[in-house]
Amino acid sequence: MKKILILLSVFFIFSCSGKDIQDYKVFYALDTVCRISLYDQGTDEIYKAIEQELLLTENLFNSHITNSEISKINSEAGKNPVIVSPETFNLVQKSIELWKSTEGAFNPALGPVISLWKIGSENPVVPDSDTIAEKLSLCNPDQIIINNENLSIFLNTPGMALDLGGIAKGFCAEQIKNICISEGITKGIIDLGGNIILIGEKKPGYPWTAGIRTPEENTFDAAISFSCKDKTIVTSGIYERFFIKDGVLYHHIFNPETGFPVENRLLSVSVISENSITADALSTAIFVMGLEKGMEYVKKIPGTEAVFITKENEIFTTAGIRENIIFVNPAYKIKDF
Ligand code: AMP
Ligand code: MG
């Protein structure tokens, strides 16, 4: 009975002051399923504006779209600077800052290595070590020349390529949040394939219950849940995009030092903080750092919390999450760091 009530409330569409109100809307964009839930404040107009924003982000940052700004920068590598929109300029600039602050773990210039593996495509490959080493030598963000007078970006060496796949969803989620806030939305969930922003609270005085899913393909059970409000929760996990060859799993988060998928004891890292752009880059970077270094790193960033899930079904969290835990899946054990 409870299930039926929940379903009814989710699919309830009604009319209010002449405007169609929709609890949520699902879009396919940024290579993922995006679900925006604005409950009784969700008008057609706002959902349309959000759809436009998703399209815009795709057209700026998707390196698989030949006309995107990132593709233009990449195709002019070693030839010409490319004048870009303030959005692209700022995100590339921010990515370089994050490369420095994560000591190289987040690397926006990994394009040559990432496209070599073709992970997420129909025909992924395990490249040979020499080719990986050769491509890796083209992945130095020091060689990204940005000019803030004319907003141009130049990749200094032919063959260099930007890949903003580890930060673009965070940017888009923030843009959507800004649209919502400027339209007076006080309560909502922006979910761009696991890159989540919670606006406000479930109801006044009641924070949201945020769940982090079990890090397995095609399961949506929570491994852990905790209460929070006005936060972003961004997860990087190896179950999202991968392939298996000769019994070895190759996933989409790369170690910028080796050019191979990161090998450590983690299945996923979630970062919980105020800003989805940094949280997105940090979830990728902290995954690269691994449990020990990643935990030490995140503890030093004010207002930022993290949840680590390991291959041994252990969950490690920072203190701010630990004190707000609501539920832990019995298949997992909370461990102290
Ligand atoms: P995420 O799911 O946010 O962790 O992002 C993973 C995506 O970021 C991959 O699909 C790549 O496009 C890109 N990526 C992979 N490894 C890195 C890395 N070490 N630094 C920056 N971007 C990366
Ligand atoms: Mg990320």
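Counting starts at 1 for both ligands and their atoms, following the listed order.
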Query - Non-hydrogen atom of Gly237 closer than 4.0 Å to ligand 1 - result: no
Query - Identity and distance of the protein heavy atom lying nearest atom 9 (C) of ligand 1 - result: His252 O, 3.4 Å
Report task. Please write down residue, atom name and distance for the protein heavy atom closest to atom 20 (N) of ligand 1. Result -> Asn107 N, 2.9 Å
**Report entry** Least distance between heavy atoms, Ser37 atom then Tyr24 atom
**Finding:** OG-CB, 3.5 Å
Requested in this report: Check whether any N or O atom of Ser236, backbone or side chain, sits under 3.5 Å from an N or O atom of ligand 1, and answer yes or no.
Outcome: yes
Report task. Among all protein heavy atoms, pick out the one at the shortest distance from atom 12 (O) of ligand 1; state its residue, atom name and that distance to 0.1 Å. Result -> Asp163 OD1, 2.9 Å
Requested in this report: Using a cut-off of strictly less than 2.8 Å, determine whether Ser236 has an N/O/S atom near the Mg ion (ligand 2).
Outcome: no
Report task. Report the nearest protein non-hydrogen atom to atom 8 (O) of ligand 1: residue, atom name, distance rounded to 0.1 Å. Result -> Gly166 N, 3.1 Å
Requested in this report: Salt-bridge test for Glu53 and Lys177: reply yes if a basic N is under 4.0 Å from a carboxylate O, no otherwise.
Outcome: no
Query raised in the report: At a non-hydrogen distance cut-off of under 4.0 Å, which region of Leu110 contacts ligand 1 (side chain, backbone, both, or neither)?
Result: side chain
Query raised in the report: Where's the contact between Ile114 and ligand 1, heavy-atom distance under 4.0 Å: side chain, backbone, both or neither?
Result: side chain
Query raised in the report: Looking only at N/O atoms, are Thr284 and ligand 1 under 3.5 Å apart anywhere?
Result: yes
